[in-house]
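Below you'll find the structure, written out as structure tokens, and then a few comments.
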Number of protein chains: 2
Amino acid sequence: MINSIMQEKNLKITSARKELLEVLNSLKRPVSFEDIKHKITMDKATFYRNISKFESESLVNSFESNGKKRYYEIRQFPHAHFVCNVCNTIECLGEIPPPTLVGYTILDALYKGICRNCTQGVCIKDLQGEIMYNSP
Amino acid sequence: MINSIMQEKNLKITSARKELLEVLNSLKRPVSFEDIKHKITMDKATFYRNISKFESESLVNSFESNGKKRYYEIRQFPHAHFVCNVCNTIECLGEIPPPTLVGYTILDALYKGICRNCTQGVCIKDLQGEIMYNSP
DNA sequence: TAGTTAATGCAACTAAGTCGCATTTAAAAA
DNA sequence: TTTTTAAATGCGACTTAGTTGCATTAACTA
Ligand SMILES: [Mn+2]
Ligand SMILES: [Mn+2]
Ligand SMILES: [Zn+2]
Ligand SMILES: [Zn+2]
């Protein structure tokens with residue numbers, strides 16, 4: 001349960017923290033502050049301060065995607081991420097573990113390119129930059 | 001030669017563009033605007049406008065690293081990059097091609113972690129956050 | 001060489017994230 | 001339970017990489 005997880009990490013159990021972990025846990029996908037700011041009541045300073053506490057306590061991990069936003073997710077087993085340059089979708093790649101490289105410690109892997117849907121022409125950007133979905 | 005490359009891409013050959021390609025070509029490593037602003041004379045707006053032209057003409061590619069800065073390099077054969085979380089060094093991984101994933105088009109791979117030097121304790125951050133290099 | 005169009009410099013702007021500080025709140029101590 | 005104390009919060013101001021509008025300048029074209 002969320003409270004006991006925070007207790008183990010010696011984090012004060014505040015309503016902002018419970019709310020934030022609850023939201024991250026329910027969404028089960030990487031999100032930016034922008035993505036969830038309407039689902040949470042705390043100030044953005046509180047969001048970022050708590051996220052970085054969670055990161056240093058290994059409850060959350062993060063990566064940067066296309067654009068300038070950083071994405072956060074509940075820490076699970078190590079896995080890579082894929083960001084689509086066309087539709088900007090972010091996918092957790094459970095199947096593809098980050099590679100190993102002798103001498104290095106690889107902690108994170110981020111791939112960019114064209115996702116399965118966009119490769120098949122399922123989602124394309126129209127001329128206005130809006131994303132449209134067609135059947136394959 | 002740099003001029004003929006630009007001609008092929010139907011880019012106006014300006015002194016700013018020649019200077020920028022010259023610098024990127026001579027450094028042979030990914031650099032941010034900050035890294036090279038003292039080596040070039042153009043305004044930062046001109047830098048970013050030209051970089052994005054070069055990217056859309058496939059002369060340059062880019063990726064984001066630790067911190068908020070974006071890094072740019074002359075486009076070579078496809079290769080992955082490694083960013084060290086300790087010393088923030090960026091390495092081009094010529095040996096490791098980006099992986100393939102059925103259905104996807106992977107165009108870029110970015111790995112983060114601890115570089116060979118930092119893993120061996122060759123470079124460590126001291127308490128002031130300065131990076132020091134020791135012999136292994 | 002003159003005309004056209006794109007490129008440039010400059011200053012103002014944007015937006016994600018950070019920081020200082022006064023106030024509130026969780027948890028320890030009494 | 002009440003008091004004490006340190007940590008967490010909200011708010012506004014700030015930072016900084018990158019972008020944009022606009023007047024001016026410099027490549028290419030005829
Ligand atoms: Mn993930
Ligand atoms: Mn490279
Ligand atoms: Zn896509
Ligand atoms: Zn390192």
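First the proteins, then the strands, lettered A, B, ... as listed; each starts at 1.
Taking 4.0 angstrom as the limit, B:R17 places a side-chain polar atom (N or O) nearer than this to OP1 or OP2 of C:dA7. Between D:dT9 and A:N50, a contact under 4.0 Å exists linking OP1 or OP2 to a side-chain N or O. Look at B:T46 and you'll find a side-chain N or O under 4.0 angstrom from OP1 or OP2 of C:dG9.
For B:K68 and C:dG17, a side-chain-to-base donor-acceptor distance below 3.5 Å is absent, hydrogens and geometry of angles not being considered. Residue-to-nucleotide contacts include a donor-acceptor pair under 3.5 Å from the side chain of A:R49 to the base of D:dG10.
Between B:Y72 and B:F47, the ring planes lie perpendicular to each other; the angle is over 60°, past the 30° to 60° tilted range. The aromatic rings of A:H81 and A:H79 sit perpendicular to each other, their planes meeting at more than 60°, with 30° as the lower class boundary.
Rounded to whole Å, the distance from CG on B:L20 to P on C:dG9 is 11 Å. With rounding to whole Å, A:L11 atom CG is found 15 Å from C:dA26 atom P. A straight line from CZ of A:F47 to C1' of D:dC11 spans 18 Å, rounded to a whole angstrom. When rounded to the nearest whole Å, the span between NZ of B:K69 and P of C:dA15 equals 22 Å. Atom pair A:Y71:OH and C:dA16:P shows a separation of 10 Å (rounding to whole Å applied). As a whole-Å value, the separation of A:R70 CZ from C:dA15 C1' is 16 Å. We find that CE of B:M6 is positioned 17 Å from P of C:dA6, with the value rounded to whole Å. If you measure from atom CD1 of A:I36 to atom P of C:dG17, you get 12 Å, rounded to the nearest angstrom.
The side chain of A:T14 approaches D:dT9 more closely than any other nucleotide in the set D:dG12, D:dA7, D:dT9. The A:K12 side chain lies nearest to D:dA8 when the options are C:dA16, D:dG10, D:dA8. Side-chain proximity of B:Y48 to C:dG9, D:dA27, D:dG18: nearest is D:dG18.
Minimum heavy-atom separation, B:C84 to B:C115: SG-N, 3.4 Å.
Comment: B:K112 engages A:E64 in a salt bridge, judged by a side-chain N to carboxylate O separation of less than 4.0 angstrom.
Looking at heavy-atom distances under 4.0 Å, B:A16 makes contact with sugar-phosphate atoms alone, never a base.
Taking 4.5 Å as the limit, every side-chain heavy atom of B:K53 sits out of range of all side-chain heavy atoms of B:R49.
When the nearest nucleotides of DNA chain D are assigned to B:Q7 and B:K44 by heavy-atom distance, the more 5′-ward of the two goes with B:K44. Of the residues near DNA chain D, A:M42 and B:Y72, the one whose nearest nucleotide (by heavy atom distance) lies more toward the 5' end is A:M42. Between A:D43 and A:E34, the residue anchored nearer the 5' end of DNA chain C, judged by the nucleotide with its closest heavy atom, is A:E34.
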